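Note that the structure is a prediction, hence the values are computed from the model and not measured. When reading the values below, keep in mind they use all heavy atoms of this one structure, side chains included, and skip hydrogens, waters and symmetry mates.
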Amino acid sequence: MDASTLLLFVPACFALNMAPGPNNLLSVSNATRYGFRRSCLAGAGRLVAFAGMIALASAGLAAVLHTSELLFYGIKTAGAIYLFYLAWQLWRAQAGEQMASAAPAAGWWQLARQEFFVASGNPKAILIFTAFLPQFVDPAGPVGAQFFVLGVLFLLLEVVALAAYAWMGARMHKWFAQPRGKRVFNRMCAGLLAGAGMGLLLSRRA
């Protein structure tokens with residue numbers, strides 16, 4: 001690919017990766033409860049979901065979401081319900097010593113599934129890939145190869161973003177060491193997740 005195209009793509013893509021969203025919020029929350037390493041490992045769930053979306057976008061199958069209103073709203077509703085479920089769990093989470101002793105019970109596989117379902121439950125994501133990635137593709141060149149390069153770069157930058165949010169969460173663990181602080185943080189995250197779910201329900205197709 002042309003170097004000038006990549007110089008435009010990388011900062012624009014990284015800004016997209018770093019934008020606050022449900023998955024990045026999960027990285028922060030998981031890091032405060034389970035540590036930096038487990039939060040980063042859990043991010044593999046969203047990477048798998050995003051890789052699948054990029055593959056669909058490159059194959060042109062994302063057009064189905066544009067034409068099928070029922071499918072779009074079905075996926076969106078399921079994603080919103082799952083966000084509300086996570087928000088309810090966080091709101092009711094115990095902030096005392098019981099929570100600290102119960103935290104290791106959640107393995108990285110369980111957290112990775114959460115990341116995967118949150119990413120997969122947002123049909124807007126694949127529409128973003130459909131609208132964003134093609135802007136940097138030269139139709140005169142090998143389109144499939146260009147999508148592959150852009151997709152790999154997106155996922156690598158997503159790794160940096162999830163690690164950055166997990167690091168912030170790990171730092172917050174010290175700030176919210178007291179039960180009261182944990183309760184406030186959990187309920188703040190719950191409110192943001194519920195807000196993201198509401199936004200997903202109210203959003204329209206691009």
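Scored by the side-chain contact (heavy atoms from CB on, under 4.5 Å) test, Arg113 finds Trp109, Gln110, Phe117 as partners (sequence neighbours excluded). Under the side-chain contact (heavy atoms from CB on, under 4.5 Å) criterion, Leu155 pairs with Leu47, Phe50, Ala51, Ile54, not counting sequence neighbours. Taking Ala44 as the reference, nothing meets the side-chain contact (heavy atoms from CB on, under 4.5 Å) condition, with sequence neighbours excluded. For Val160, the side-chain contact (heavy atoms from CB on, under 4.5 Å) partners at least two apart in sequence or on another chain are Phe14.
Rounding to the nearest 0.5 angstrom, the gap separating the OH atom in Tyr85 from the CD1 atom in Ile81 is 13.0 Å. For the atom pair CH2 (Trp91) and CH2 (Trp88), the distance works out to 9.0 Å, reported to the nearest 0.5 Å. Distance check, rounded to the nearest 0.5 Å: OG of Ser27 to CE of Met168 gives 9.0 Å. The distance from the OG atom of Ser29 to the CG atom of Asn24 is 12.5 Å, given to the nearest 0.5 Å. Note: Thr5 OG1 to Gln146 CD = 8.0 Å, rounded to the nearest 0.5 Å.
Using modelled atom types, no side-chain atom of Asn17 and backbone atom of Ala161 make a donor-acceptor pair closer than 3.5 Å. With hydrogens and angles ignored, the 3.5 Å screen pairs a side-chain donor or acceptor of Tyr165 with a backbone N or O of Met18. Counting only distance, with no hydrogens or angles, the side chain of Ser39 and the backbone of Phe36 share no donor-acceptor pair below 3.5 Å.
Leu7 belongs to no multi-residue hydrophobic cluster, having no ILVMFWY side-chain contact under 4.5 Å with any other such residue.
Residue pairs satisfying the salt bridge (Lys or Arg N to Asp or Glu O under 4.0 Å) criterion with at least one member in residues 155-168, sequence neighbours excluded, are listed as follows: Arg46-Glu158. Here salt bridge (Lys or Arg N to Asp or Glu O under 4.0 Å) pairs that include residues 9-20, with residues two or more places apart or in two chains, number zero.
Residues Val48 and Phe148 fall into different hydrophobic clusters, defined by Ile, Leu, Val, Met, Phe, Trp and Tyr side chains chained together at heavy-atom separations under 4.5 Å. Hydrophobic clustering (ILVMFWY, side-chain heavy atoms < 4.5 Å, transitive): Leu41 and Leu156 are in distinct clusters. Under a hydrophobic-cluster definition in which Ile, Leu, Val, Met, Phe, Trp and Tyr are linked whenever side-chain heavy atoms come within less than 4.5 Å, directly or via other members, Leu6 and Phe154 are assigned to the same cluster.
In this structure, the side chains of Trp108 and Arg37 stay at 4.5 Å or more apart for every pair of heavy atoms. Taking 4.5 Å as the limit, every side-chain heavy atom of Leu26 sits out of range of all side-chain heavy atoms of Leu111. Side-chain contact between Leu162 and Asn23 is absent, with no heavy-atom pair separated by less than 4.5 Å.
In this structure, Ser120 and Ala49 approach most closely via the heavy-atom pair OG-CB, 3.5 Å. A pairwise comparison of heavy atoms in Gly169 and Thr32 identifies O-CG2, 2.9 Å as the closest pair.
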